[in-house]
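Inspection log for the structure reproduced underneath, given as structure tokens.
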Amino acid sequence: MYQRQKQELRQQTSAHLAQTMTILSMSADEIREKIASELSVNPALELTDERICPTCHRLLPDNGICPNCCTLKSEDEESIVFVSPRDDFAVENYAVHSELSHEPDMDSAQHEDLPTYVLRQIGPDLEDDEKMIAAYLLTSLDEDGFITSSVLEIAQYYHVLPSKIEEVIQLIQHADPLGVGSRNPQEALMVQIQHLSGLIDIPDKTLDVIRDSYDLLIHGKYREISKIHDLTTKQINTIEKFIGENLNPYPGRAYWGEKGIDNNVDNNTYHFPDILIYYLNDNPKNPLVVEIIMPISGNLKVNEFFKRESKNAPEDKVEEWKNDIDRASLLIKCLHQRNNTMVRLMEVLVDLQGNFIRYGDSNIVPITRAQISKLLDVHESTISRAVANKTVMLPNKKVVPLSAFFDRSLNVRTIIKDLVKEEKKPLTDAKIVEVLTGMGIDIARRTVAKYRAMEGILPAHMRNSANLR
DNA sequence: CTATGGCACGGATT
DNA sequence: AATCCGTGCCATAG
């Protein structure tokens, strides 16, 4: 008897824990879904219109800004962290709203982001359903302007033929940053060549070499290429030079990278950020505001009416109703806990990585989840879960995964990137190591090569300071 | 001989 | 326990 009670209790708490953990590791989108599905099956859960601050649980004034949590507590405070209720992040609107009738013009290109820019160009040629597909494709491009998801997946998702997707991709590829929406550098180059043929002179067999021997070319294996394509080394050099001067293997980066701004498409999914970070009143001198998105408006609570009625429930329902109530209050508790953890996590994170947030990638300080867990006095896995599956929009409108805050090499990588950008003669990896050592950064030559590859920077002999279009 | 990529090992991180 | 990351060693091309 006593034993059984104990066991039940243990089961309850372990269920409790299990749910706390899964909820903590969910993104805002997933939370939204979770709540929606729970609402539809559980009569004990209720979403009311009351506006309650999810951080401190006080009633919110009409403007939805909590006077307690969303203001500076003192003058010298450097950041404000709070949970904000928002359900106004409509995913589809992203593309459909940007009206598609305008001419593409160079001026606006610098201000709007890549997906919008491309969509404007091709919009007029698209059917409505194709617009959806195009929007999806464009928003899921990675930072190089490549498509990451597979055509088949998308086709299934939208219930259309793969060939239809391919058509849309073709259109995208021939829009302005020529070659965006390819799957890899090779494809991008081929698109660019096809487009340029007839406009300017292209060395013999350039297309053939890229199509059939791309890997060899990348690795500079001239001998094999000359065997396969019956070309002299000199001809191959001409081809390589031509590519370097006229084409760009990374269309997305060429377009936005030249201006020093990477585009802001997130690279795995098209989720909206779970966390927003911006300057108070958009003034960089002001403190940082950190909004942790809670994707519901109104207040989630146990339906009081249902609770009262359940006391005189019919025999056969007693168990079920009680269960419903437990589930509802458990879910609410877990959500509170998630909010609490996220707020605490973000507080130390802005504190530690403030310079990274404000002044960019090279200012990131390498930290680990384990360190944070000690700081907050929680288990490491708690931090792991809290960091997992979340994305952050930084003040510069870039969306990055929260795990980027724990990137141990980002600072060095950006330094290398800058170094290469400023270089007069191409720096070899060994040279880069020297410079870095001089700056107090001690890494192996091999590692520089890896970082280079990560940033999509070509090896020294392949880049003749020509990445211009 | 120099520059760079591939493979794989070991230690740290999650 | 699984995964990630930096690195050393070796092969290959020039």
Side-chain angles (χ1 to χ4, degrees), chain A residues 17 20-22 24-27 184-186 209 213-229 231-241 244 249 267-268 341-342 345 348-349 352-353 361 364-390 400-417 419-420 423 425-437 439-465:
Chain A
L17 276 174
T20 315
M21 298 192 303
T22 42
L24 180 58
S25 62
M26 281 198 267
S27 72
N184 49 50
Q186 179 182 19
V209 173
S213 315
Y214 181 73
D215 283 343
L216 298 177
L217 187 66
I218 286 290
H219 298 129
K221 310 206 174 189
Y222 297 154
R223 288 227 188 105
E224 299 202 37
I225 297 178
S226 67
K227 250 187 256 163
I228 297 174
H229 296 276
L231 292 166
T232 62
T233 311
K234 200 168 178 190
Q235 282 175 301
I236 299 176
N237 270 324
T238 319
I239 292 180
E240 209 172 61
K241 203 170 161 215
N267 31 15
N268 26 21
T341 311
M342 291 306 295
L345 170 64
V348 304
L349 237 56
L352 257 42
Q353 300 289 29
D361 291 352
I364 196 171
V365 326
I367 51 175
T368 69
R369 293 159 173 77
Q371 289 169 17
I372 303 288
S373 75
K374 277 190 197 129
L375 228 56
L376 287 182
D377 199 26
V378 295
H379 197 278
E380 315 176 353
S381 65
T382 308
I383 304 294
S384 271
R385 293 179 212 283
V387 171
N389 306 316
K390 316 280 190 308
V400 301
L402 185 54
S403 56
F405 282 66
F406 297 87
D407 192 317
R408 273 173 296 160
S409 59
L410 184 62
N411 51 354
V412 183
R413 292 209 311 273
T414 46
I415 292 174
I416 293 178
K417 202 161 49 173
L419 239 43
V420 171
E423 81 190 355
K425 285 270 148 45
L427 293 167
T428 68
D429 290 351
K431 282 277 178 210
I432 295 180
V433 173
E434 273 181 39
V435 181
L436 253 34
T437 316
M439 296 169 68
I441 302 167
D442 207 17
I443 55 171
R445 183 235 102 219
R446 190 63 191 75
T447 310
V448 172
K450 282 255 164 108
Y451 288 172
R452 236 188 344 91
M454 279 189 208
E455 299 297 330
I457 301 170
L458 294 169
H461 64 270
M462 292 276 293
R463 51 174 203 260
N464 303 318
S465 66

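If you're wondering where the values come from, they're calculated on a predicted model, not measured in any experiment. Reckoned from all heavy atoms, side chains included, excluding hydrogens, waters and symmetry mates. Every chain is numbered from 1, with letters handed out A, B, ... down the list of sequences.
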Who are the side-chain contact (heavy atoms from CB on, under 4.5 Å) partners of K431(A), not counting sequence neighbours? L427(A), T428(A), E434(A)
Gap between atoms CZ and P, on F406(A) and dT14(B) respectively (whole Å): 8 Å
Might you list the N or O atoms of the protein lying below 3.5 Å from N or O atoms in nucleotides 4-8 of chain C, with each pair's distance?
from	atom 1	to	atom 2	distance (Å)
dG6(C)	OP1	Y451(A)	OH	2.7
dT7(C)	OP2	A444(A)	N	3.1
dT7(C)	OP2	T447(A)	OG1	2.4
dT7(C)	O4	K450(A)	NZ	2.9

When you measure from the side chain of K390(A) to the backbone of A388(A), do you find a donor-acceptor pair of N or O atoms at a distance under 3.5 Å? yes
Expected output is a numbered-order residue list: members of residues 372-383 of chain A with a heavy atom under 4.0 Å from any atom of DNA chain B. What is it? E380(A)
Could you tell me which residues satisfy side-chain contact (heavy atoms from CB on, under 4.5 Å) with T382(A), sequence neighbours excluded, listed by chain and number? L24(A), T341(A), V378(A), H379(A)
Whole-Å distance between dT13(B) C1' and I367(A) CD1? 13 Å
Value in whole Å for how far the C1' atom of dT4(B) lies from NE2 of H461(A): 8 Å
Taking only residues two or more places apart in sequence or in another chain, which ones pass side-chain contact (heavy atoms from CB on, under 4.5 Å) with V348(A)? I372(A), L375(A), L376(A)
Scan R385(A) against the nucleic acid and name what it touches under 4.0 Å (heavy atoms): base, sugar-phosphate only, or nothing. nothing
With a cut-off of 3.5 Å and sequence neighbours excluded, list every side-chain donor-acceptor pair involving residues 404-413 of chain A.
from	atom 1	to	atom 2	distance (Å)
D407(A)	OD1	S409(A)	N	2.8
D407(A)	OD1	S409(A)	OG	3.3
D407(A)	OD1	L410(A)	N	3.0
D407(A)	OD2	R413(A)	NH2	3.4
S409(A)	OG	R413(A)	NH1	2.9
R413(A)	NE	E455(A)	OE2	2.8

Note, I432(A) side chain near Y451(A) side chain (heavy atom, < 4.5 Å): no
Just how far, in rounded Å, is P of dT13(B) from CG of D407(A)? 14 Å
dT13(B) phosphate, OP1 or OP2: any side-chain N/O from R369(A) under 4.0 angstrom? no
Set of residues satisfying side-chain hydrogen bond (donor to acceptor under 3.5 Å, both in side chains) with respect to R452(A), sequence neighbours excluded: D429(A)
Contacts of Q371(A) meeting side-chain contact (heavy atoms from CB on, under 4.5 Å) (sequence neighbours excluded), chain-then-number -> I367(A), T368(A)
